[in-house]
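Below, chain A is the first sequence line, B the second, and so on; all start at residue 1.
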Amino acid sequence: MRDDIMEAICEYLLTIPGGRVVTYKQVAEYLGNPGMARVVGNYLHRNPDPERYPCFKVVNSKGKLSSQFGFGGIDAQKARLEADGVEVSDDYYVDLDKYRYKGV
DNA sequence: TAGATGACTCACA
DNA sequence: ATGTGAGCCATCT
């Protein structure tokens, strides 16, 4: 069933417009269970496929980037976000109040 | 089947 | 902003 969840995560991430980010919890809620925030992170970790899943748009509730990125480290994630128009602080923090994708 | 693990979240200090 | 403790869920061993 993990492919199902993975697909859902993929779709949700693809709905995120450029210059926007979402929290793990948001993805979990989209999957139908806010408690799956952890599982979401787990999946992205076990599926380092940025070509399909823009996981660099996913941050934790504090707006901080993941500690260890699968395809080049957190530094790569920071670069991708900045490239998308998201300001990332030197501490790898993003302003959720401005960049969090609220779903329009 | 059961126990341990983790890219999480929330509350409190 | 950081640290600790508790809760939650699917996967891995």
Passes side chain to side chain contact (heavy atoms under 4.5 Å, CB included), Cys55(A) versus Tyr43(A)? Steps please. CA-CA 10 Å; Cys55(A) 40; Tyr43(A) 271 79; over 6 Å; no
What is the separation between atom [atom1] on [X] and atom [atom2] on [N], rounded to the nearest whole Å?
{"X": "Leu96(A)", "N": "dC8(B)", "atom1": "CG", "atom2": "C1'", "result": "14 Å"}
{"X": "Leu44(A)", "N": "dC9(C)", "atom1": "CG", "atom2": "P", "result": "19 Å"}
{"X": "Asp91(A)", "N": "dT2(C)", "atom1": "CG", "atom2": "P", "result": "6 Å"}
{"X": "Glu29(A)", "N": "dC8(B)", "atom1": "CD", "atom2": "C1'", "result": "13 Å"}
{"X": "Leu31(A)", "N": "dA7(B)", "atom1": "CG", "atom2": "C1'", "result": "15 Å"}
{"X": "Asn60(A)", "N": "dC8(B)", "atom1": "CG", "atom2": "P", "result": "7 Å"}
{"X": "Ile9(A)", "N": "dA7(B)", "atom1": "CD1", "atom2": "P", "result": "14 Å"}
{"X": "Arg80(A)", "N": "dA7(B)", "atom1": "CZ", "atom2": "C1'", "result": "17 Å"}

What nucleotide, of [options], holds the atom closest to the side chain of [X]?
{"X": "Ile5(A)", "options": "dG6(B), dA10(C), dC12(C)", "result": "dA10(C)"}
{"X": "Val39(A)", "options": "dC9(C), dA7(B), dT11(C)", "result": "dC9(C)"}
{"X": "Met36(A)", "options": "dG6(B), dC8(B), dC9(C)", "result": "dC9(C)"}

Hey, does the side chain of [X] come within less than 4.0 Å of [N]'s phosphate (OP1/OP2), counting only N and O?
{"X": "Lys64(A)", "N": "dC8(B)", "result": "no"}
{"X": "Ser61(A)", "N": "dC10(B)", "result": "yes"}
{"X": "Tyr93(A)", "N": "dT2(C)", "result": "yes"}
{"X": "Tyr43(A)", "N": "dT11(C)", "result": "yes"}

Checking [X] side chain against [Y] main chain: does a donor-acceptor pair fall under 3.5 Å?
{"X": "Gln26(A)", "Y": "Arg100(A)", "answer": "no"}
{"X": "Glu7(A)", "Y": "Asp4(A)", "answer": "no"}
{"X": "Glu29(A)", "Y": "Pro34(A)", "answer": "no"}
{"X": "Asn33(A)", "Y": "Gly35(A)", "answer": "yes"}

More 5' along DNA chain C: Lys62(A) or Asn42(A), using each one's nearest nucleotide?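 On the 5' side of the pair lies Lys62(A).
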Give one of base, sugar-phosphate or nothing for Asn33(A), where a contact means two heavy atoms less than 4.0 Å apart. sugar-phosphate
Looking at the base of dG7(C), is there any donor atom on it, or on the side chain of Arg38(A), that sits under 3.5 Å from an acceptor on the other one? yes
Identify, between Lys25(A) and Val58(A), the residue whose nearest nucleotide on DNA chain B lies closer to the 5' end.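 The residue whose closest nucleotide sits nearer the 5' end is Val58(A).
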